[in-house]
Amino acid sequence: MIGVRVMLPTYVIWKPSTGAGYEHLAISESEEQLTVDSFVIGESEPDKLARIQYEIVLDRSWATRKVSIRHWGGQKALCLLSDGNGQWTDEAGQPIAELAGCVDIDLSCTPFTNTLPIRRLAFTPNVPQEIDVAYFSAYELTWRRVRQQYTLLASDADTAVFEYRAGAFVQNITVDANGLVLLYPELFVRERPLAASGIEVEAGK
């Protein structure tokens, strides 16, 4: 799976394993970058739905260059920029020292951001990879630095299973040949198979 040419889908749909919600994600590309635009309807708290739109800009090595999040129909929004090497600034260009060295992000409302380290890093089976990421709460519009660990447990031509750890939380995530989540137990599930047509990109290292 890792290190081969694959076809990214144009659209991906996920839903939460429990409760109400939906995500419709669109992927587009240019020679320099990938742009991900998504709309999420999810439970910000029990029996309360929120509508969130987010955009992530990635360079061709799958390093995050920009993340913006806004609450649809409201005034609340957040936007941070990165140089792709872990140096972050706000929209005014002010450095964010706390996130220094965080190349990847983790956005609470979507399984898509699990794809970023999976595509960007080189994995040897059963050898853990630890990274610091910029974790964003999509509902509270806050961010903080978080240590995470990914371990490739198994893979074939079509799927792979990664053990994901963050603090005391541990879960095995199944992804497709693109590194996009098929099943994130107790949190997310792919609604339907990938579209037959897509865009061809280079996989990560």
Heavy-atom check, side chain of Leu25 versus side chain of Asp37, under 4.5 Å: no
Is there a salt bridge (charged side-chain N to carboxylate O under 4.0 Å, His left out) between Glu98 and Arg145 once you walk through the steps? CA-CA 7 Å; Glu98 181 182 342; Arg145 187 189 194 95; over 6 Å; no
Look at the rings of Phe112 and Trp14 and say which category their plane angle falls in: under 30° parallel, 30 to 60° tilted, over 60° perpendicular. tilted
On the 0 to 90° scale, with breaks at 30° and 60°, tag the Phe169-Tyr184 ring pair as parallel, tilted or perpendicular. tilted
Is any side-chain heavy atom of Glu23 less than 4.5 Å from a side-chain heavy atom of Pro111? yes
Only residue of Asp132, Asp106, Asp104 satisfying salt bridge (Lys or Arg N to Asp or Glu O under 4.0 Å) with Arg147 is Asp132
Check the pair Thr174 / Asn172 against side chain to side chain contact (heavy atoms under 4.5 Å, CB included), numbers first and verdict last. CA-CA 7 Å; Thr174 302; Asn172 289 349; over 6 Å; no
Close side-chain approach of Leu141 to His71, heavy-atom, < 4.5 Å: yes
How does the hydrophobic cluster around Tyr22 look, that is, which other residues are in it when side-chain heavy atoms under 4.5 Å mark a link? Ile13
For Trp88, run the side chain to side chain contact (heavy atoms under 4.5 Å, CB included) check against Ile105, Asp83, Leu81 and tell me which one passes. Ile105
So, taking the atom named CD1 in Ile69 and the one named OG in Ser38, what distance separates them when rounded to the nearest 0.5 Å? 11.5 Å
For Gly84 and Val103, the nearest pair of non-hydrogen atoms, with its separation, is O-CG1, 3.8 Å
Any non-hydrogen side-chain atom of Glu186 less than 4.5 Å from a side-chain atom of Thr18? no
Shortest non-hydrogen contact from Tyr135 to Ser108? OH-CB, 3.2 Å
Residues joined to Leu183 in its hydrophobic cluster, side chain to side chain under 4.5 Å directly or through other members, sorted by chain and number, are Val189
Shared hydrophobic cluster for Trp62 and Leu121 (ILVMFWY, side-chain gaps under 4.5 Å): yes
Working to the nearest 0.5 Å, report the span between CG of Leu8 and CG of Leu180. 6.5 Å
Donor-acceptor under 3.5 Å (Ser30 side chain, Gln33 main chain): yes
Nearest heavy-atom neighbours spanning Asp90 and Ala92: OD1-N, 2.9 Å
Considering all heavy atoms, the nearest Leu152-Ala160 contact: CD1-CB, 4.0 Å
Quick check: is Val181 connected to Tyr164 through a chain of hydrophobic side chains (ILVMFWY, heavy atoms under 4.5 Å apart)? yes
ILVMFWY cluster, Leu78 and Tyr139 together (side-chain gap under 4.5 Å): yes
Please report the C-alpha distance between Thr115 and Asn178 in whole Å, then the side-chain angles of each, then the deciding distance to 0.1 Å, and finally whether the side chain to side chain contact (heavy atoms under 4.5 Å, CB included) criterion is met. CA-CA 8 Å; Thr115 297; Asn178 297 282; over 6 Å; no
Establish whether Leu182 and Val161 are linked, either directly or via other cluster members, by ILVMFWY side-chain heavy-atom contacts under 4.5 Å. no
Residue that, paired with Phe39, satisfies ring pair (Phe, Tyr, Trp, His ring centres under 6.0 Å) out of Tyr11, Tyr54, Trp72: Trp72
Rounded to the nearest 0.5 Å, what separates atom CG in Leu116 from atom CG in Leu34? 10.0 Å
Is the shortest distance from a Lys or Arg side-chain nitrogen in Glu29 or Arg60 to a carboxylate oxygen in the other one below 4.0 Å? yes
Calculate, to the nearest 0.5 Å, the distance between atoms SG and CD belonging to Cys79 and Glu55 respectively. 8.5 Å
Is any side-chain heavy atom of Ile56 less than 4.5 Å from a side-chain heavy atom of Thr64? yes
Does a side-chain heavy-atom distance below 4.5 Å link Asn114 with Ile173? yes
Does any N or O in the side chain of Arg65 come within less than 3.5 Å of the main-chain N or O of Ser82, such that one atom is a donor and the other an acceptor? yes
Backbone N or O of Leu187 within a donor-acceptor pair of the Ser17 side chain at under 3.5 Å? yes
Answer yes or no: is there an ion pair linking Lys48 with Glu43, defined by an N-O contact shorter than 4.0 Å? no
What closest approach, in Å, do Ala138 and Leu107 show between heavy atoms, and which atom pair accounts for it? CB-CD1, 3.8 Å
Calculate, to the nearest 0.5 Å, the distance between atoms CH2 and CZ belonging to Trp143 and Phe136 respectively. 8.0 Å
With the threshold set at 4.0 Å, does a side-chain nitrogen-carboxylate oxygen contact exist between Arg190 and Asp176? yes
Between CD of Gln148 and CD of Gln129, what distance do you get to the nearest 0.5 Å? 13.0 Å
Considering only heavy atoms from C-beta outward, does the side chain of Lys66 approach that of Leu58 to under 4.5 Å? no
Side-chain contact, heavy-atom cut-off 4.5 Å: Ile118 with Val175? yes
Are Val133 and Val57 co-members of a hydrophobic cluster defined by side-chain heavy atoms under 4.5 Å apart? no
